[in-house]
Amino acid sequence: MKTILAALLATAICTPAAFASEISDRAAEAEKLLQSGDGPGAMEKFNSAEEAFWKAMPLGVLNLKQVDSATGFGIYGERANHIYKPGEKIVLYMEPVGYGYGSDGLGNSSIALSVDITVVSAAGQTLGTMEKVGRVQVASRSHNRELFFKLDLSLDGLPPGKYRCDFLMHDENSAKTAPFSTDIEIAG
């Protein structure tokens, strides 16, 4: 808990001042409760510090992998290389962070994210952009933070060569966006 608390406090220094005070105050209260033997109370207060931290952070994408399969958070088979046959499906696994929560109207929190792609040649020429090539929507009674996004791409028609795929993730519950990229090669 102390390691997590230290990391949370260190990161709070980098967030806007209003959030930093709220985050560090709640984390300090959690530590006091833990030291007094109130584990459940400490966890509840620590979770409130985490909630404040989550709201303050920008949208981001962690653990971007090209995979053969993905069935859950942290449950994926990483692809051996980034070389694809013409017409072969490209599957990406990623873990978004910092997204907002909406409501589904039924008492659940709703997470909704979409992704745009721009394909760039090895020479740096933009070959095309497609909006909303993927979307994930989850409704839950809690503010889930272990969310994975599996994106299946079909880039049929690309000639053999090396490419960079630039993505922009959109949080549909806020104005937050997150850019990320990965390289691929279409075999000749």
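One is the number of the first residue; the rest follow in order along the sequence.
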Here's one to test your reading of the geometry: is the NZ or CZ of Arg79 within 45 degrees of the ring axis of Tyr84 and under 6.0 Å from its centre?
yes
Has the side chain of Asn144 got a donor or acceptor atom that lies under 3.5 Å from a matching backbone atom of Glu146?
no
Under a 4.5 Å cut-off applied to non-hydrogen side-chain atoms, are Trp54 and His143 in contact?
no
Nearest 0.5 Å, what's the OG-CD distance between Ser114 and Glu131?
9.0 Å
With no hydrogens and no angle check, just 3.5 Å: does a side-chain donor-acceptor pair link Thr118 and Asp116?
no
If I take atom CZ from residue Arg145 and atom OG from residue Ser140, how far apart are they, to the nearest 0.5 angstrom?
11.0 Å
Ser103: side chain to side chain contact (heavy atoms under 4.5 Å, CB included) partners, not counting sequence neighbours
none
If you group Ile, Leu, Val, Met, Phe, Trp and Tyr by side-chain heavy-atom gaps below 4.5 Å, do Val138 and Leu113 land in one group?
yes
Shortest non-hydrogen separation from Ala30 to Phe46 and the atoms involved
CB-N, 3.6 Å
Check whether any side-chain N or O of Lys45 sits under 3.5 Å from a backbone N or O of Leu33 as a donor-acceptor pair, and report yes or no.
no
Evaluate the side-chain proximity of Lys162 to Asp183: yes if any heavy-atom separation is below 4.5 Å, no if none is.
no
Do Glu44 and Glu29 come close enough that some side-chain heavy atom pair is under 4.5 Å?
no
Would you sort out whether Met169 and Phe149 count as a side-chain contact (heavy atoms from CB on, under 4.5 Å), showing the intermediate values?
CA-CA 11 Å; Met169 181 175 285; Phe149 192 138; 3.8 Å; yes
Please identify which of these residues, Val115, Asp152, Leu151, meets the side-chain contact (heavy atoms from CB on, under 4.5 Å) condition with Leu92.
Leu151
From Tyr101 OH over to Asp171 CG, what is the distance, rounded to the nearest 0.5 angstrom?
9.5 Å
Taking the side chain as every heavy atom from C-beta outward, state whether Leu168 and Pro179 have any atom pair closer than 4.5 Å.
yes
Which is it for Tyr99 and Leu147 under the side-chain contact (heavy atoms from CB on, under 4.5 Å) test, yes or no, and what are the steps along the way?
CA-CA 10 Å; Tyr99 44 81; Leu147 176 71; 3.4 Å; yes
So which of His82, Gln66, Arg164 actually passes side-chain hydrogen bond (donor to acceptor under 3.5 Å, both in side chains) with Thr182?
Gln66
Looking only at heavy atoms, the pair that brings Ile90 and Ile184 closest together is CD1-CD1, 3.6 Å
Same cluster (ILVMFWY, side-chain, under 4.5 Å), Phe167 and Phe148
no
Does Val97 belong to the same Ile/Leu/Val/Met/Phe/Trp/Tyr cluster as Phe73, with side-chain heavy atoms less than 4.5 Å apart forming each link?
no
Would you say the side chain of Leu155 lies within less than 4.5 Å of the side chain of Cys165, judging by non-hydrogen atoms?
yes
Minimum heavy-atom distance between Ala49 and Ile23, given as atom pair plus value:
CB-O, 3.8 Å
Answer yes or no: is there an ion pair linking Glu95 with Lys65, defined by an N-O contact shorter than 4.0 Å?
no
For Tyr93 versus Gly74, what's the shortest heavy-atom pair and its separation?
OH-N, 2.6 Å
Looking only at heavy atoms, what is the nearest atom pair of Leu127 and Tyr163, with distance?
CD1-CE2, 3.4 Å
Side chain Lys176, main chain Met57, donor-acceptor under 3.5 Å:
yes
Is there a path of hydrophobic side-chain contacts, each under 4.5 Å between heavy atoms of I, L, V, M, F, W or Y residues, that connects Ile186 with Val91?
no
Would Leu62 and Val136 show up in the same hydrophobic cluster when neighbours are defined by side-chain heavy atoms closer than 4.5 Å?
yes
Looking at every heavy atom in both Ile83 and Glu88, which two are closest together, and how far apart are they?
O-OE1, 4.4 Å
Could you check whether Arg135 pairs with Glu172 (Lys NZ or Arg NE/NH1/NH2 to Asp/Glu carboxylate O, under 4.0 Å)?
yes
